[in-house]
Amino acid sequence: MGILTLNKVTKNFGGLTAVNKVSFTVEEGEILGLIGPNGSGKTTIFNLINHYYPVTSGEIIFKGINITHKQTHEIAMLGIGRTFQVVKPLKRLSVEDNIMAAAFARETTFAGARKVAREVLEFTHLDHVANMKAGALPIAGRKRLEIAKALATRPSLLLLDETAAGLNPSELDEAIDIIKAIRSELGITIIIVEHIMKVIMNISDRIHAIAFGTTITEGKPEEVAKNPTVIEAYLGTDYH
Amino acid sequence: MENKKFFSKGELIIIFTGLVLPLLFYFSPYAQGLLIFIMMWVVLGTSWNLLAGYTGQVSFGHAAYFGVGAYTAALPFLHYKISPWWGLIAGGIMAVVIGYLLGVVVFRLRGPYFALGTLASAEILRIAFGEEEWLTNGHNGILYITTWVTKIPYYYIIFAIAVASIVSVKLLMRRREGYYFLSIREDEDAAMALGINTKKYKNISMIVSSFWAGVAGAFYFIYMGFIDSETVFALHNISIITILVGIIGGVGTIWGPAVGAIIMVLLQELFRSAIFGLAPQWVSGMHAFVFGLLVIFVILYLPGGVVGDWELIKKKLHLKSNTEK
């Protein structure tokens, strides 16, 4: 009995099946990597969990609650935080105000929200740019702000959608450290979508691989990396 | 959004100035009349600014709430001789009811479609109130002999309403509601992911916004003593001017609508009187043209409005005075 279970989840966009009977379970405290080539349906799965798109068939269970037909904001309040691949900073607000807006999910007072925001700023190493407008942040900062906003809603499960893309090597190491700390210090379960193998192999406990919206394999990172269907999905049949 | 004293020193000076201003013009009912209109537009601009400037729901139909407020004051008087003064509260409440009902429809739309939806809703009300003669006396309008001849008491009433509307927005903007309004404005999808019930908070913004617009409408009837549907539901003279007040003063700033109201009322008066009779009469007809140019100028060079881009204006003026030396 995991914290989140997808049971034969399917999503059709008209005649196109973007996600086809995908099932997996995330255990509490685990980091699950979700991999697959471009367009394989990874972000769509996140959008289904958050109910940005309604599920065509199948069900999603979070902490024993069927969230398949719940509204996006209700799902966030139940404890699923997420980041966006195409970052969504609240551009004209300061970094701190971005995080405060998120912190109001659990805090009712200005002082309470500010306290949470300060903690999160420090945790995500954003304290030195707290007063900067979010729209003025460089990409590494914006990616981290995505994580910060999600953390400020106090989630028990965090969906990270390519939070390491576009970072330079030293920023990458910092991002990996933060993601690891989210689990070890805050005890938050994580599902991570990532293309950078250094990140995904390094931090995932288990990996779920999909291609064309269908599960191809699931297992330990080293097993999945050697799996011929995974190699084929990424590199084509000629590569052996 | 620092949590310090509620009003800064500068703001208290502005409010104090507002208190003594009509006394400076004690012998000029003409100037008092202008001041009253400025304050009425402060209320309308502040109302619009909460919904459009802070919450990002750009209304093109604020005349709907203004008109409903005005008719809520006028109709009980017309039919039952009930004092229109009750309208100051009832008008606000009725505007909230209408705003909420319209919101059910227009909040399903986003961006430009929302704007068109609000524009249409005001137009529907304008036509309906004009046609339903049994209820509204149609295009003959509703007449009321005003309570006082002197303008000073009207000024203080609308001044108090203007201050109250600004206080209400200021209060909201430093609470959770304010942060949620801004989040919705910046990115509705991101807001939902933060656990924000966007529908609910858009409605809260609409409720407060339509309340003040309704109060302003009721005041208009009480002060002017006459309304018809073409006046109070007017697309150009109410809905569009409300937007201009907001944009020119500064969208999403507390004092922007106040500054915008001063500029717009004085400009309108300048044109209405053809620059106090100094210019030929056809100048009066140019107002729409000049307002259009003004909006283009503000959007191109001062997208934050006079208040939002105040630092920029100061810098420009400063540079100029330096080069002149």
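Proteins come first, then strands; the chains are lettered A, B, ... in the order of their sequence lines, and each starts at number 1.
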Trainee: With a 4.5 angstrom heavy-atom cut-off, is it the side chain or the backbone of T108(A) that approaches chain B, or both, or neither?
Mentor: both
Trainee: Considering only heavy atoms, which portion of E107(A) lies under 4.5 Å from any heavy atom of chain B: side chain, backbone, both, or neither?
Mentor: backbone
Trainee: If we define contacts as heavy-atom pairs under 4.5 Å, which of L90(A), I80(A), L78(A), T72(A) has the most with chain B?
Mentor: L90(A)
Trainee: Highest number of heavy-atom pairs under 4.5 Å with chain B: which of R82(A), E96(A), M100(A), M77(A)?
Mentor: M100(A)
Trainee: Does the pair K42(A)/E194(A) count as a salt bridge with the N-to-O cut at 4.0 Å?
Mentor: no
Trainee: Can you tell me which portion of A113(A) sits under 4.5 Å from chain B's heavy atoms? Options are side chain, backbone, both or neither.
Mentor: neither
Trainee: How long is the gap from CD1 on I241(B) to CZ on F291(B), to the nearest 0.5 Å?
Mentor: 5.0 Å
Trainee: Name the orientation class of the two ring planes belonging to F13(A) and Y53(A) (parallel below 30°, tilted from 30 to 60°, perpendicular beyond 60°).
Mentor: perpendicular
Trainee: For chain A, which of R185(B), R176(B), R175(B), M192(B) has the most heavy-atom pairs under 4.5 Å?
Mentor: R176(B)
Trainee: For residues F84(A) and Y52(A), establish whether the separation of their ring centroids is below 6.0 Å.
Mentor: yes
Trainee: Got a salt bridge between K202(B) and E188(B), using NZ or NE/NH1/NH2 to carboxylate O under 4.0 Å?
Mentor: yes
